[in-house]
Amino acid sequence: LENISWGFLPNRDSQSILTVSSGSTITFDTLSHEGILEDQGRDPEKYFAECGIRPDQVLNDAKAIAASDLPHDFDADGPHVVTGPIDIQGAEPGDVLKVEVLSLTPRVPYGVISNRHYKGALPGEYPENEGRKEGANAANPEL
C-alpha cells in the first residue's frame, strides 16, 4: 500500500518510492481496479465470485487495498491504482528516458475490460450514453 496511489497520477511534487541507477531492472506487480471500487462493493472476492472466479484466484493485493483505509473518492478520483514514481539517479527534468519492457507475466488467469459512469477511455463515446446517472453508487451500480 505504501508504493501506490489510487485515483490520481504522480506528478513532479510526488515523493518517489524508489531510486535506481540507469540500466537497472525493476519488477512491477500491478493490478486492476475492478472489484475494489465503491460501486462494485469494494469487495474483490465477492465481485469476482459473480464471474466464477475462486477466492484463491483473487490477488491478495486487491483484497488488501479494498480492506484498507487508503483514501479514494469515487466521485472525484479516477479508478486506477498506480505504482510509483521511480527516480533515476542523475536524470533531470527534460531528459529522455529509455524504458524496455523485458517480460509480462499475468498473475491471474482472467482479465477485465470495463467502461462505466462516464470514466475510462473515450468516455464520451463508449458506451454510448448520456453520462453518469444521478444516484450511481455502491448500492446502485447499474446506473
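Here OG of S24 is found 7.0 Å from CD1 of I88. Values are rounded to the nearest 0.5 Å. Rounded to the nearest 0.5 Å, atoms CG (L31) and NZ (K63) are 12.5 Å apart. One distance of note links OG1 of T27 with CG of D29; it measures 7.5 Å at 0.5 Å rounding. Rounded to the nearest 0.5 Å, atoms CD1 (I65) and CG (N60) are 11.0 Å apart. Interatomic distance, CD of E38 versus CG of D73, reported as 8.0 Å (0.5 Å rounding). The CG atom of D43 sits 9.0 Å away from the CD atom of E50 when rounded to the nearest 0.5 Å.
Between I86 and I17 there is a side-chain heavy-atom pair separated by less than 4.5 Å. Using a 4.5 Å heavy-atom cutoff, the side chains of I4 and D61 are not in contact. You'll find the side chain of L18 stays beyond 4.5 Å of the side chain of D87, heavy atoms only. Put simply, the side chain of R42 reaches to within 4.5 Å of the side chain of S68, judged on heavy atoms. Side-chain contact between T30 and R107 is absent, with no heavy-atom pair separated by less than 4.5 Å. A 4.5 Å side-chain heavy-atom check between F48 and V112 finds at least one atom pair inside the cut-off.
Within 6.0 Å of CG on D69 lie no more than 12 heavy atoms contributed by other residues, nucleotides or ligands.
Listed for the H80 side chain is no donor-acceptor partner under 3.5 Å among the backbone atoms of S32. In this structure, Y110 contributes its side chain and Q57 its backbone to a donor-acceptor pair below 3.5 Å. A donor-acceptor pair under 3.5 Å links the side-chain atoms of S5 to the main chain of F8, judged by distance alone.
A pairwise comparison of heavy atoms in H33 and P79 identifies CB-O, 3.0 Å as the closest pair. The two residues V82 and P10 make their nearest non-hydrogen contact at CG1-CD, 3.8 Å.
Using a 4.5 Å cut-off between side-chain heavy atoms of Ile, Leu, Val, Met, Phe, Trp and Tyr, with links allowed through other members, V108 and I36 fall into the same hydrophobic cluster. Grouping the Ile, Leu, Val, Met, Phe, Trp and Tyr side chains by contacts below 4.5 angstrom, directly or via other members, places L59 with W6. Connection of L1 to L37 is established within a shared hydrophobic cluster, with ILVMFWY side chains joined at heavy-atom distances below 4.5 Å, either directly or through further cluster members.
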